[in-house]
Every structure is written in structure tokens, then in C-alpha cells.
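Working notes, beginning with the structure itself.
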Amino acid sequence: MDALGATGCDSVSGYLYIRESTDITNLDGLANIASVGRSLYIYSNDALTNLDGLANLTSVGGSGGFLYIENNDALTNLDGLANLTSVGSDLSINNNDALTDLDGLANLVSVGDSLRI
């Protein structure tokens, strides 16, 4: 992830998977990412405590795009998504046992299809 950040990349045109890691504690290497064209999956990252590295993210997916945040046992908040305004299709937030609030979604104005919490 840090290598991606070092390139200055500010968007991902397809899918971005952050999954099944015990080593990822933050997403700071993604600080330049403003949009993900298709879907963003953040799941089964046992040591991930926050999403602050996604502070510049404003949109995920056009039509048919998903944002899944699931099974991240140490994730306590979604504050890193404070600039997120739209998700093309589905937003799913499930089984994040330490998650205490959804305040980071305060600026979300559009979810294309379904919202599952």
C-alpha cells in the first residue's frame, strides 16, 4: 500500500481490495486516492483500527460499484470516510466488532442501491 501512495496515484479505475491481513494497521499509503471506479473491499484485516488514510476518498463506483467494510475486528470508527459523498451501488458495513459509530459517513448523500449495516 505504501508503494502505491509513493507513486502519487489519485484514483483506481477498477477494484481495490484490502483484505485478509494481520499486518495492515492503517491505510495511510492510500492518502492520495480520491475515487475508486468500481468497488472497494476492506475486509478481514484483524489489526486495522481506522480508515484515516482514505480521507480524500469522495466516491466509490459508478453504477454497480460497491463499498464493503466487513470483518475488521479492530476497526473503531469510519472517520476516514468523512469526504465520501457517493457509492454507486451497495454499501455494506458488517461484523466490525469494535466499531462504535458511523459518524464518518455524515457527508454521504448517495447510495445507488442498498445500504446494509
Side-chain angles (χ1 to χ4, degrees):
M1 237 180 314
D2 292 335
L4 180 62
T7 68
C9 178
D10 63 359
S11 67
V12 174
S13 61
Y15 297 87
L16 177 57
Y17 291 92
I18 304 162
R19 64 181 191 162
E20 299 173 2
S21 173
T22 57
D23 298 328
I24 296 174
T25 58
N26 66 66
L27 303 179
D28 294 350
L30 302 176
N32 294 327
I33 302 293
S35 67
V36 175
R38 218 29 206 154
S39 297
L40 172 58
Y41 296 89
I42 304 169
Y43 63 94
S44 296
N45 298 288
D46 296 337
L48 184 64
T49 59
N50 66 65
L51 304 178
D52 293 352
L54 297 174
N56 286 318
L57 186 67
T58 59
S59 66
V60 174
S63 131
F66 300 94
L67 173 55
Y68 287 166
I69 303 169
E70 300 179 341
N71 301 317
N72 301 288
D73 294 337
L75 186 65
T76 60
N77 66 66
L78 303 177
D79 295 351
L81 298 177
N83 286 315
L84 183 67
T85 58
S86 67
V87 175
S89 185
D90 296 343
L91 172 56
S92 179
I93 302 168
N94 290 304
N95 299 320
N96 300 290
D97 294 339
L99 190 62
T100 58
D101 67 65
L102 302 174
D103 294 346
L105 299 177
N107 290 317
L108 185 66
V109 295
S110 166
V111 174
D113 287 323
S114 66
L115 172 63
R116 290 184 299 261
I117 300 173

Distance check, rounded to the nearest 0.5 Å: [X] atom [atom1] versus [Y] atom [atom2]?
X      : Y     : atom1 : atom2 : result
Ser114 : Phe66 : OG    : CZ    : 7.5 Å
Tyr43  : Tyr68 : OH    : OH    : 11.0 Å
Asn95  : Ser44 : CG    : OG    : 9.0 Å
Ser39  : Tyr15 : OG    : OH    : 5.0 Å
Leu67  : Leu16 : CG    : CG    : 10.5 Å
Ser86  : Leu57 : OG    : CG    : 9.0 Å

Qualifying residue for side chain to side chain contact (heavy atoms under 4.5 Å, CB included) with Asn96, from Asn72, Asp73, Leu78, Leu48: Asn72
The single option from Leu99, Asn94, Leu81 passing side chain to side chain contact (heavy atoms under 4.5 Å, CB included) against Ile69: Leu81
Would you say that Asn107 contacts Thr58 through its side chain, given a criterion of any heavy-atom pair below 4.5 Å between the two side chains?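 The answer is no; the side chains never approach within 4.5 Å.
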If you define the side chain from C-beta out and look only at heavy atoms, does anything of Ile33 sit under 4.5 Å from Leu27? no
Would a single hydrophobic cluster contain both [Y] and [X], if residues Ile, Leu, Val, Met, Phe, Trp and Tyr are joined by side-chain heavy-atom contacts under 4.5 Å?
X      : Y      : result
Leu115 : Val36  : yes
Leu108 : Leu102 : yes
Tyr41  : Val12  : no

Give the minimum heavy-atom separation between Ala47 and Ala74, together with the two atoms involved.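 So the minimum-distance heavy-atom pair works out to C-CB, 4.2 Å.
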Under 3.5 Å, is there a donor-acceptor pair between the side chain of Thr76 and the main chain of Thr49?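 Side chain of Thr76 to backbone of Thr49: a pair is present.
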Please evaluate residues Leu40 and Ile18 with respect to the criterion side chain to side chain contact (heavy atoms under 4.5 Å, CB included), reporting the C-alpha separation (whole Å), side-chain torsions for both, the decisive distance (0.1 Å), and the verdict. CA-CA 8 Å; Leu40 172 58; Ile18 304 162; 4.2 Å; yes
Between Asp46 and Thr22, is there a side-chain donor-acceptor contact under 3.5 Å, judged purely by atom types and distance? no
